[in-house]
Every structure is written in C-alpha cells, then in structure tokens.
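Both backbone and side-chain heavy atoms feed into the values below; hydrogens, waters and symmetry mates do not. Both ligands and their constituent atoms are indexed starting at 1 by order of listing.
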Amino acid sequence: MDTPPRSAHLILVGLPGAGKSTVGGALARRLGLPFLDFDPEIERRAGASVTEIFRGRGEEAFRAMELALTRELATRPPMVLAPGGGWVAIPGAMALLRPPARMIYLRVRPDVALLRMGQERRARPLLENADPLAAIRRLLAAREGAYLSADHVVDVDDVGIEELTAYLARLAEGRMEG
Ligand code: S3P
C-alpha cells in the first residue's frame with residue numbers, strides 16, 4: 001500500500017516564552033488552519049501536567065510522547081503546530097515532518113522570554129531553578145543550531161502579537177522572503 005503524502009504543516013519553534021502558543025493560535029485562525037499546541041495535547045492524553053510527567057516519569061518519557069505525537073501528525077491535514085521548546089533537539093523529530101513542513105523560529109532573547117513567562121515559568125520543569133536565566137541560556141546554546149535550521153527566523157522581542165501574526169501570515173502565504 002502507498003504511504004499517504006506528508007502534510008505541509010507550519011511549525012513554530014523557539015524557547016519557552018517566545019510566544020509559540022499565543023501567536024500560533026492567532027496565526028491558525030488567520031490562515032483558517034487547525035492549531036495544535038503540543039504541551040496541552042500531551043497533558044490531555046497523559047492525564048497529567050508537563051511538570052507531573054517530568055517528575056513522575058522523567059524527561060525521556062516526555063520526549064518520547066512528543067516524538068509519538070509528531071509521528072502521528074506527519075500525514076494529518078495541514079495545521080499550525082506549536083511543539084514545546086525542546087522538540088527541535090529530539091533526534092529524528094524534525095525529519096518526520098520536514099520537508100514539506102515549513103519551520104519558523106520565533107527568536108527571543110532569554111531575558112525577554114523569562115520576563116514574558118512571569119509566574120508561568122513555574123510550569124516549565126527545566127526552568128525551575130535557582131538561576132533561571134542561566135538555565136534558559138544553556139537551553140538556547142544547546143538548541144540554537146536546530147532553531148536556526150528553520151526556513152524563516154523572526155525576531156520577536158519588540159513586536160506585538162497582532163503585528164507578528166500579520167507578518168507570519170504573509171510569510172506563510174509566501175508573499176515575503178524571510
Ligand atoms: C520545554 C518547553 C516547554 C515544555 C517542557 C519542556 C523545553 O514548552 O514542552 O517544559 O524543553 O524547552 P514551551 O516551549 O511551550 O514552554
């Protein structure tokens with residue numbers, strides 16, 4: 001039997017606090033596509049929060065869940081996807097979707113990301129740390145190469161959600177180089 005063709009998803013990647021979930025939802029509405037936010041979907045399936053999964057089953061189990069979800073999505077109709085910030089570092093994950101999926105890196109400075117997250121940082125086990133700025137910088141250093149392999153890199157430090165959504169929609173529709 002022929003394998004169905006892979007879908008041309010639009011994947012938003014970047015550090016926690018980059019705005020993937022907020023912008024992803026707005027962008028999907030604008031493009032008339034479904035939106036899938038990985039963390040809430042994994043939490044729904046596991047019946048546990050990301051923090052509980054990390055604590056109870058370990059980070060590796062969480063990464064396996066992210067990979068399994070990615071595998072399922074390869075042949076589903078096109079969507080806007082917002083995987084968690086560590087998804088790009090899971091061996092083989094990006095290659096399950098791209099090509100033909102396109103990946104956009106929402107690049108945020110680590111200090112800005114932390115500010116934006118505020119108390120929400122507590123829901124990120126990898127940042128539950130005495131020095132969260134050092135922790136998020138380490139995550140960036142480890143992942144930056146993968147983030148920069150995106151088809152488009154967009155700096156989001158000084159952009160509001162509406163302006164950013166409009167910009168990404170133009171990028172997604174191929175009306176702009178980025
Ligand atoms: C993680 C980012 C989180 C979540 C988990 C691990 C990471 O998602 O998947 O806490 O490794 O950077 P967000 O990027 O949506 O915060």
Exercise for review: Quick one: closest heavy-atom pair of Gly24 and Val80, and the distance?
Suggested key: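 Closest heavy-atom pair between Gly24 and Val80: O-CG1, 3.8 Å.
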Check your understanding: What pair of heavy atoms forms the shortest contact from Met65 to Ala46, and how long is it?
Key ->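 So the two residues come closest at SD-CB, 4.4 Å.
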**Study point:** Cationic N near anionic O, under 4.0 Å, Glu41 to Arg44
**Key:**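 Result for this pair is yes, salt bridge flagged.
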Show the atoms of ligand 1 that are less than 4.0 angstrom away from any heavy atom in [X].
| X | value |
| --- | --- |
| Phe62 | 9 (O) |
| Pro125 | 10 (O) |
| Leu126 | 7 (C), 11 (O) |
| Val50 | 5 (C), 10 (O) |

Check your understanding: Could a heavy atom of Phe38 be found less than 4.0 Å from some atom of ligand 1?
Key ->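 No.
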Practice item. Kindly determine whether Arg63 and Glu66 satisfy salt bridge (charged side-chain N to carboxylate O under 4.0 Å, His left out), including the steps that lead there. Key: CA-CA 5 Å; Arg63 301 302 177 198; Glu66 289 183 295; 2.8 Å; yes
With [atom] as the reference point, say which of [options] has the nearest heavy atom.
| atom | options | result |
| --- | --- | --- |
| atom 14 (O) of ligand 1 | Met117, Met65, Lys20 | Lys20 |
| atom 1 (C) of ligand 1 | Ala18, Gly86, Ala135 | Gly86 |
| atom 6 (C) of ligand 1 | Glu59, Arg63, Glu43 | Arg63 |

Just to confirm my output: which protein heavy-atom neighbour is closest to [atom], and how far is it?
| atom | result |
| --- | --- |
| atom 15 (O) of ligand 1 | Asp39 OD2, 3.7 Å |
| atom 2 (C) of ligand 1 | Gly85 N, 3.4 Å |
| atom 16 (O) of ligand 1 | Arg124 NE, 2.7 Å |

Exercise for review: Check Arg143 against ligand 1 and report side chain, backbone, both or neither, counting heavy atoms closer than 4.0 Å.
Suggested key: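 The side chain, only.
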Short side-chain to backbone donor-acceptor contact, [X] and [Y], under 3.5 Å:
| X | Y | value |
| --- | --- | --- |
| Tyr147 | Gly85 | yes |
| Asp37 | Ser21 | no |
| Glu52 | Ser49 | yes |

Practice item. Can you label the angle between the Phe38 ring and the Trp87 ring as parallel, tilted or perpendicular, going by 30° and 60°? Key: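 Because their plane-to-plane angle is over 60°, the rings of Phe38 and Trp87 count as perpendicular.
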**Study point:** Path from Leu115 to Leu139 over hydrophobic side-chain contacts below 4.5 Å
**Key:**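 Different clusters: Leu115 never reaches Leu139 through Ile, Leu, Val, Met, Phe, Trp or Tyr contacts under 4.5 Å.
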Review point. Would you say Gly17 has any N or O atom under 3.5 Å from an N or O of ligand 1, going by distance alone?
Key: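 Such a contact does not occur with ligand 1.
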Check your understanding: Could an N or O of ligand 1 be found under 3.5 Å from any N or O of Glu66, whether backbone or side chain?
Key ->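 No; every N/O pair is 3.5 Å or more apart.
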